[in-house]
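One is the number of the first residue; the rest follow in order along the sequence. Because the structure is predicted, anything quoted here is derived from the model rather than measured.
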Amino acid sequence: QVQLLESGGGLVQTGGSLRLSCAASGSIRNLGNMAWYRQAPGKQREFVATITVTGFSTYLESVKGRFTIRRDNAKNTVYLQMNSLKPEDTAVYYCNAEVRMSVAGGMYMYWGQGTQVTVSS
C-alpha cells in the first residue's frame, strides 16, 4: 500500500508564511504528477497547484506569485511554500500523487489525510 503523510500546517497571521510537506511511502515504483488541493468549510475541494515529474508546475490563479510547489524525487516528497497568506487561504490542504506500484502496473491516485491551515486577520 501507499501512504501520503502531510505536515506543516498551522495557524498564521495574514501576510505570514507556511511550508507544507507531503511524503509518499510504501510500495512505490515511481510517482507521476503530484499536487495540492484544499477544502474550506462549506466549500468543495479545489485544485491549488500541481507539478510534473520534470518540474513543470501550474497554479490556481488566486495563489500565483504567492505559492510555490516543488518536489524532491529522491525523497518522494512534494512541498508547498505559501507566502503572503490571506484569510481566504484558510482550509484543509490535501496532497495528491499518481503512484505506480509495479513495473507493469498502472498509475493510481492517492490522497493524504489533510493538514489544517488557518490564516487569522
Side-chain angles (χ1 to χ4, degrees):
Q1 287 298 323
V2 174
Q3 297 82 38
L4 300 182
L5 183 61
E6 296 129 337
S7 61
L11 173 64
V12 65
Q13 291 185 332
T14 295
S17 298
L18 285 174
R19 189 181 82 154
L20 306 183
S21 300
C22 174
S25 63
S27 302
I28 299 170
R29 176 70 181 178
N30 50 30
L31 294 173
N33 294 343
M34 303 183 80
W36 289 94
Y37 286 72
R38 66 187 182 187
Q39 187 166 17
K43 295 187 177 181
Q44 290 191 334
R45 190 173 298 189
E46 67 175 354
F47 163 82
V48 176
T50 190
I51 186 167
T52 67
V53 173
T54 56
F56 180 77
S57 57
T58 56
Y59 297 90
L60 175 70
E61 190 65 32
S62 63
V63 308
K64 283 182 180 178
R66 300 188 299 122
F67 290 11
T68 302
I69 188 171
R70 68 176 185 88
R71 63 190 288 169
D72 185 332
N73 292 329
K75 295 181 179 180
N76 288 339
T77 299
V78 63
Y79 306 94
L80 185 69
Q81 177 66 44
M82 305 185 294
N83 299 328
S84 302
L85 282 161
K86 305 175 181 180
E88 51 263 44
D89 295 318
T90 295
V92 178
Y93 283 70
Y94 298 90
C95 74
N96 165 287
E98 297 174 336
V99 180
R100 190 189 310 277
M101 290 187 282
S102 64
V103 173
M107 282 285 191
Y108 294 90
M109 187 172 291
Y110 286 83
W111 291 88
Q113 80 290 349
T115 185
Q116 177 70 47
V117 171
T118 303
V119 184
S120 63
S121 57

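- Here Thr58 pairs with nothing under the side-chain hydrogen bond (donor to acceptor under 3.5 Å, both in side chains) rule; sequence neighbours left out.
- Not counting sequence neighbours, the partners of Ser25 by the side chain to side chain contact (heavy atoms under 4.5 Å, CB included) test are Gln3.
- Inter-residue side-chain proximity for Arg71 and Val53 is flagged as met; some heavy-atom pair is nearer than 4.5 Å.
- For the ring pair (Phe, Tyr, Trp, His ring centres under 6.0 Å) test, no residue two or more places apart in sequence or in another chain qualifies with Tyr108.
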Mind listing the side-chain donor-acceptor pairs of residues 60-67 below 3.5 Å, one per line with the distance, residues two or more places apart or on another chain?
residue	atom	partner	partner atom	Å
Glu61	OE1	Lys64	NZ	3.0
Arg66	NE	Ser62	O	3.4
Arg66	NH1	Ser84	O	2.9
Arg66	NH1	Asp89	OD2	2.8
Arg66	NH2	Ser62	O	3.0
Arg66	NH2	Asp89	OD1	3.1
Arg66	NH2	Asp89	OD2	3.4

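- Contact check for Thr90 versus Gln116: side-chain heavy atoms found under the 4.5 Å cut-off.
- Considering only heavy atoms from C-beta on, Met107 comes within 4.5 Å of Asn30 through its side chain.
- Considering every non-hydrogen atom in both Leu31 and Ala97, the closest pair reads CD2-CB, 4.4 Å.
- No path of Ile, Leu, Val, Met, Phe, Trp and Tyr side chains, each step under 4.5 Å between heavy atoms, connects Leu5 with Val78, placing them in separate hydrophobic clusters.
- A pairwise comparison of heavy atoms in Ile69 and Ala35 identifies CD1-CA, 4.3 Å as the closest pair.
- For Tyr59 against Ala49, the heavy-atom pair with the smallest separation is CD2-CB, 3.6 Å.
- Atom CG of Asn73 is separated from atom CE of Met34 by 8.5 Å, given to the nearest 0.5 angstrom.
- Heavy-atom minimum distance, Val12 versus Leu85: CG1-CD1, 3.6 Å.
- The backbone N or O of Val92 lies less than 3.5 Å from no partner atom in the side chain of Gln39, so there is not a single donor-acceptor pair.
- Within the structure, every pair that satisfies the side chain to side chain donor-acceptor pair (under 3.5 Å) test and touches residues 6-21, not counting sequence neighbours, is listed here: Glu6-Gln113, Ser17-Asn83.
- Checked against salt bridge (Lys or Arg N to Asp or Glu O under 4.0 Å), Glu88 has no partners two or more places apart in sequence or in another chain.
- Cluster annotation: Leu4 is connected to Val117 through the hydrophobic network of ILVMFWY side chains, with a link wherever side-chain heavy atoms come within less than 4.5 Å.
- The distance from the CZ atom of Arg38 to the CZ atom of Arg45 is 13.0 Å, given to the nearest 0.5 Å.
- Thr115 OG1 to Leu18 CG: the interatomic distance, rounded to the nearest 0.5 Å, is 9.0 Å.
- Remark: side-chain polar atoms of Arg100 are paired, donor with acceptor, to backbone N or O of Gly105 under 3.5 angstrom.
- Contact detail for Thr77 and Lys75: the closest heavy-atom pair is OG1-O, 2.9 Å.
- The CE atom of Met101 sits 13.0 Å away from the CZ atom of Arg29 when rounded to the nearest 0.5 Å.
- Between Val2 and Ile28, some side-chain heavy-atom pair lies under the 4.5 Å cut-off.
- At a threshold of 4.5 Å between non-hydrogen side-chain atoms, the residues Asp72 and Tyr79 count as touching.
- The only member of Trp36, Trp111, Tyr93 that meets side chain to side chain contact (heavy atoms under 4.5 Å, CB included) when paired with Cys22 is Trp36.
- Note on Met82 and Ile51: same hydrophobic cluster, where clusters join Ile, Leu, Val, Met, Phe, Trp and Tyr whose side-chain heavy atoms are under 4.5 Å apart, directly or indirectly.
- Pairing each heavy atom of Ala40 with each of Ala91, the nearest pair is N-CB, 3.8 Å.
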